[in-house]
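The structure displayed is predicted, hence computed values, not measured ones.
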Amino acid sequence: MLASLAAVLTVPPAVQPVAVQPVAVIESHDASLGQLPGGVAVGPDGDVFVTLAGTGELRRIDGKTYRGRTLANFDVGYGFLLGMAFDGDDLYVVLASFLDETSGVWRVHDDGSAARVVAFPGNAFPHDITFDAAGNMFVTESIGGVVYRVEAGSSTPVPWVSSLLLVGDVAMSPVPFPIGASGITYDDEARSVLVTNSQVPAIVEIEDDDGVAGAILVLAEGEHLRGADGVALGQSGDVYVVSNFHSALLVVDRRTGVTTTLADASDGLAFPSMLASGRQGADEKAVFVANFGLGAGPTAPVSVLRIAVDEKGEDRPAGT
């Protein structure tokens with residue numbers, strides 16, 4: 001349980017110096033062609049999947065050779081192809097197209113065929129996705145600052161948490177709408193959902209009481225988390241998060257809220273958007289980062305990065 005308190009608890013932030021980690025580019029893209037990596041996920045076999053947000057291409061990168069290929073293409077409408085997650089062997093991807101006909105969550109099969117399984121209205125901005133061990137789906141919607149829950153076997157998104165802690169600030173936004181609730185992952189051990197708020201910067205933990213949202217805990221907050229987007233868990237329970245505003249990969253100590261910078265712009269990060277834990281071999285102690293490069297111009301180093309970390313990802317990496 002997160003806490004016996006009904007009130008929101010806050011852990012004061014602290015920031016430690018950079019702890020440099022080896023960073024490698026496993027696939028480069030071309031910003032001048034709009035190839036901006038928006039989401040990343042790692043399959044059970046170790047293959048790495050990446051969405052190119054503006055073009056709608058979904059790519060599959062072999063986990064052994066790091067050679068990539070196109071798996072599927074989506075019509076992004078007026079928006080972006082964004083976060084991804086596996087539920088067992090099944091890959092799901094979020095499309096925020098701003099069109100009623102296509103916006104929502106899509107299931108993608110191994111042959112590249114895809115079907116929409118959860119619809120969102122065209123005025124919403126579904127952003128990222130995760131699953132619990134029972135196959136229940138959780139989706140962030142950034143404009144309203146809402147987490148939706150989709151029960152296993154259902155296709156109906158039900159508002160699960162709507163909180164000021166998840167609402168963004170349009171005055172700080174690179175787009176003409178607020179981006180609040182962004183990255184999301186499920187902690188099966190703690191039975192909780194972790195969500196980032198990009199523009200009112202914080203990492204928020206929400207207790208999952210048998211499908212009912214419970215107590216809310218602010219794990220960390222402050223300017224060092226501005227632009228917080230994708231989030232993942234280590235086996236220790238510590239929280240890995242990318243900040244696009246600071247072009248950094250951070251790790252937050254789950255017990256103290258102390259934050260350490262693992263990699264930043266000097267290591268090649270440029271407005272990173274999402275991350276996922278490796279799942280096979282040497283990649284088990286690495287995270288993969290979608291280097292989005294938004295606003296960095298046509299020569300931005302947009303890419304998929306592999307960054308070594310000091311621990312494996314959680315045993316069952318929800319949201320990857």
Side-chain angles (χ1 to χ4, degrees), residues 29-40 50-58 74-84 93-106 119-129 139-148 157 162-184 195-204 223 225-231 241-248 265 269-275 289-303:
H29 298 284
D30 190 338
S32 69
L33 300 178
Q35 297 174 347
L36 308 182
V40 64
V50 60
T51 57
L52 300 185
T55 67
E57 183 181 358
L58 170 61
F74 291 81
D75 181 351
V76 297
Y78 303 104
F80 306 97
L81 192 63
L82 295 169
M84 291 181 285
V93 60
V94 177
L95 174 59
S97 65
F98 295 106
L99 296 171
D100 289 340
E101 298 80 9
T102 56
S103 188
V105 179
W106 292 67
F120 276 81
N123 62 355
F125 193 74
H127 195 143
D128 197 17
I129 181 175
V139 185
T140 52
E141 195 285 305
S142 297
I143 295 176
V146 180
V147 175
Y148 286 83
S162 179
S163 168
L164 289 176
L165 290 171
L166 302 177
V167 175
D169 179 0
V170 70
M172 302 296 298
S173 188
V175 290
F177 50 84
I179 300 178
S182 297
I184 188 168
V195 184
T196 60
N197 186 331
S198 287
Q199 293 172 349
V200 182
I203 301 172
V204 176
E223 286 303 309
L225 291 172
R226 182 163 298 284
D229 202 342
V231 60
V241 61
V242 288
S243 161
N244 46 53
F245 183 85
H246 294 294
S247 290
L269 275 72
F271 204 97
S273 55
M274 292 287 170
L275 80 164
V289 173
N291 213 23
F292 191 47
L294 183 68
T299 61
V302 291
S303 55

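Within the 3.5 Å criterion, the main-chain N or O of S103 finds a donor-acceptor partner in the side chain of S97. Counting only distance, with no hydrogens or angles, the side chain of N291 and the backbone of P301 share a donor-acceptor pair below 3.5 Å. Using a distance-only test at 3.5 Å, with no hydrogens or angles considered, no donor-acceptor pair links the side chain of S243 to the main chain of A248. When atom types are taken as modelled, the side chain of H246 and the backbone of E223 share a donor-acceptor pair closer than 3.5 angstrom. At least one donor-acceptor pair under 3.5 Å links the side chain of R226 to the backbone N or O of Q199.
A distance of 11.0 Å separates CZ of F80 from CG of L95, quoted to the nearest 0.5 Å. Interatomic distance, T51 OG1 to M274 CE, rounded to the nearest 0.5 Å: 8.0 Å. Rounded to the nearest 0.5 angstrom, T140 OG1 and L82 CG are separated by 9.0 Å. In this structure, the separation between CG on D169 and OG on S198 is 11.5 Å, given to the nearest 0.5 Å. To the nearest 0.5 Å, the span separating OG1 on T102 from OH on Y78 amounts to 10.0 Å. D75 CG to T55 OG1: the interatomic distance, rounded to the nearest 0.5 Å, is 11.0 Å.
Other residues, nucleotides and ligands place more than 12 heavy atoms under 6.0 Å from the CZ atom of F292.
Across all non-hydrogen atoms, the minimal contact from H127 to A181 is ND1-O, 4.2 Å. Between L81 and G56, the closest heavy-atom pair is CD2-O, 3.6 Å. When every heavy atom of Q35 is checked against every heavy atom of D30, the shortest pair comes out as OE1-N, 2.8 Å. Scanning all heavy atoms of the two residues, the minimum distance from S247 to P272 falls at CA-CD, 3.6 Å. The heavy-atom pair separating T196 from D229 by the smallest distance is OG1-O, 2.7 Å. V231 and G183 make their closest contact through CG1-C, 3.7 Å (heavy atoms, listed as atom of the first residue, atom of the second, distance).
Between N244 and L294 the shortest side-chain heavy-atom distance does not fall below 4.5 Å. Residues S142 and S182 form a side-chain contact, since some pair of their non-hydrogen atoms from C-beta on lies under 4.5 Å apart.
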Residue pair N197, V204: steps toward the side-chain contact (heavy atoms from CB on, under 4.5 Å) verdict: CA-CA 8 Å; N197 186 331; V204 176; 5.5 Å; no

Apply side-chain contact (heavy atoms from CB on, under 4.5 Å) to residues F74 and V93 and explain how you reach the verdict. CA-CA 10 Å; F74 291 81; V93 60; 3.8 Å; yes

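Remark: aromatic rings of F98 and F125 are close, center separation under 6.0 Å.
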